[in-house]
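Worksheet: the structure to be examined is printed underneath.
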2 protein chains.
Amino acid sequence: MGKKKSEKQESKDVSTEERIKEAARQVFTKKGYAATRTRDIAEAAGLNLALLNYYFRSKEKLFEIVMMEKVQALFGVIAPVLNDEESSLEEKIERLVHNYLDMLMKNPDLPLFVLSEIRYQPEDLARRLQVGKLLRESVLVKQLRERKKNIHPLHFIMNLLGMTLFPFVGRPMFQHGAGLGQKEFEALMEERKKLIPKWIDAMLGVR
Amino acid sequence: MGKKKSEKQESKDVSTEERIKEAARQVFTKKGYAATRTRDIAEAAGLNLALLNYYFRSKEKLFEIVMMEKVQALFGVIAPVLNDEESSLEEKIERLVHNYLDMLMKNPDLPLFVLSEIRYQPEDLARRLQVGKLLRESVLVKQLRERKKNIHPLHFIMNLLGMTLFPFVGRPMFQHGAGLGQKEFEALMEERKKLIPKWIDAMLGVR
DNA sequence: AAGTATTTTAATCAAATGATTAAAAATTAA
DNA sequence: TTAATTTTTAATCATTTGATTAAAATACTT
């Protein structure tokens, strides 16, 4: 399936397969799996509907590919930071917040899409990405345990992820509820890059 | 449409209309609008499929009713607390966190459902519930402005809502990623009732 | 250039879906 | 008790959807 295509072809044009995937990324992210029709994707790609089955066999299989990418995008940023043996807790938090917010500003719809779709097949995705290792056994978690022996480290993980991700998850509400424009939202997120590590620090100081 | 039903009938049995609504609340919450078939709701209600159109005219109209309830449930708890002229900022935060977590423990799927579905018609819902007033003009917001003149009050709103709501939004991930059981999750939420106000206090103390 | 393989196309299919229909059943009103 | 109204039922409908099909077009190999 496209395996025998010449190298020249690939470097010159975007392949049909990639065009479908790109369209799928956009449409699935916008509408979710159930509300997305294969026709929507074909239209967005400017291609014939039958090509979706030819290249990916089913809507479901196409979605799995996109979903894996998206989950990887959401968690991939944090894994190396959480598992760095060389940096301090404070350094990890600063780097994580900074990198995460940078990524999220480029993909503001990602968290809500992933969290929303993950409801329907949570075990598989979480296991394959070893999210459990990050949330239970990472270096950051060990550092949190040492720092605050009486409080479950998951609390701080929830706070850290909540403060970083929630503005994006709640963005439709903030936009249409509070009249928060794009520029204003971005400015707030830039401020949060600096504020969140300070807040986490203050929380770690609470007795 | 059920308007002329005797009072006796209503007090004795659950009405057909209410049975459909209750089934719809459950199925829509679990599957979302797009993936829910009218047949699913009819089966969950143990009723004939045609009754859905007889009583509610369309799947969409039934969903609107359920969605309004759910949005009201999500925001209704916080409005009186945010607008109480008599209580201090700290009191409001304590009461809000407490009431909110109580409500969320009984309806753990609510936030993700609302936030997920609100993407598809955000303006209407947010406007009708005057979410803007809560996020921009409530007494709590005024109190935050007085307390921290250099920081946009929305930051604290995001943190407060994020720390309260996010564990539920991310629950599938925490359950299947971190192996967090129901009991453990509830214990963490009970702890957070006390910890969140402390954390917010610490954050308000940051210079 | 002919033969082979792959990709693309447009039509079609089989099943599913929200909705409608007409009649039966139940309830209410006179 | 009959007539009128409302509710319920099961079948059916019209449309949509993911998927399949067969042929044409394109690309690759000899």
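Every chain is numbered from 1, with letters handed out A, B, ... down the list of sequences. Every value quoted in this text rests on a predicted model; they were computed, and no experiment measured them. Because only heavy atoms are used, hydrogens play no part in the values below, and waters and symmetry mates are left out as well, while side chains stay in.
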- Query: Can you find a side chain N or O atom of Thr16(A) that sits less than 4.0 Å from OP1 or OP2 on dT8(C)?
  - Reply: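 Result: yes.
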- N or O in side chain of Tyr55(A) less than 4.0 angstrom from dT8(C) OP1/OP2: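 So the side-chain polar atoms of Tyr55(A) do come within 4.0 Å of the phosphate oxygens OP1 or OP2 of dT8(C), strictly under.
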- Query: Does the Lys92(B) side chain pair with the main chain of Ser87(B), one donor and one acceptor, at a distance under 3.5 Å?
  - Reply: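 Checked: pair present.
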- Report yes or no: is the cationic atom of Lys59(A) (NZ for Lys, CZ for Arg) closer than 6.0 Å to the six-membered ring centre of Tyr33(A), at no more than 45° off its axis?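 Geometry flag: set, cation within 6.0 Å and 45°.
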- Among residues 19-33 of chain A, which residues get a heavy atom nearer than 4.0 Å to DNA chain D?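 Going residue by residue through residues 19-33 of chain A, none turns out to have a heavy atom under 4.0 Å of DNA chain D.
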- Message: Let me test you: for the helix from dA1(C)-dT30(D) to dA30(C)-dT1(D), what is the angle between the axes at its two ends (five pairs each), rounded to 10 degrees?
- Response: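 Computed angle between terminal axes is 10°.
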So, are [X] and [Y] salt-bridged, with charged N and O less than 4.0 Å apart?
{"X": "Asp109(B)", "Y": "Arg119(A)", "value": "no"}
{"X": "Arg57(B)", "Y": "Glu64(B)", "value": "no"}
{"X": "Glu184(B)", "Y": "Arg136(A)", "value": "yes"}

- Query: Between Leu112(B) and Phe168(B), does a side-chain contact (heavy atoms from CB on, under 4.5 Å) hold up when you go through it step by step?
  - Reply: CA-CA 7 Å; Leu112(B) 192 47; Phe168(B) 295 88; over 6 Å; no
- Task: Answer with yes or no whether the side chains of Glu191(A) and His152(B) bring together a donor and an acceptor at under 3.5 Å.
- Result: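 Result is no, nothing qualifies.
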- Would you say the side chain of Met67(B) lies within less than 4.5 Å of the side chain of Phe28(B), judging by non-hydrogen atoms?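 A side-chain contact under 4.5 Å is absent here.
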Would you tabulate the pairs of protein nitrogen or oxygen atoms and nucleotide nitrogen or oxygen atoms of nucleotides 19-23 of chain C closer than 3.5 angstrom?
from, atom 1, to, atom 2, distance (Å)
dA19(C), OP2, Lys59(B), N, 2.8

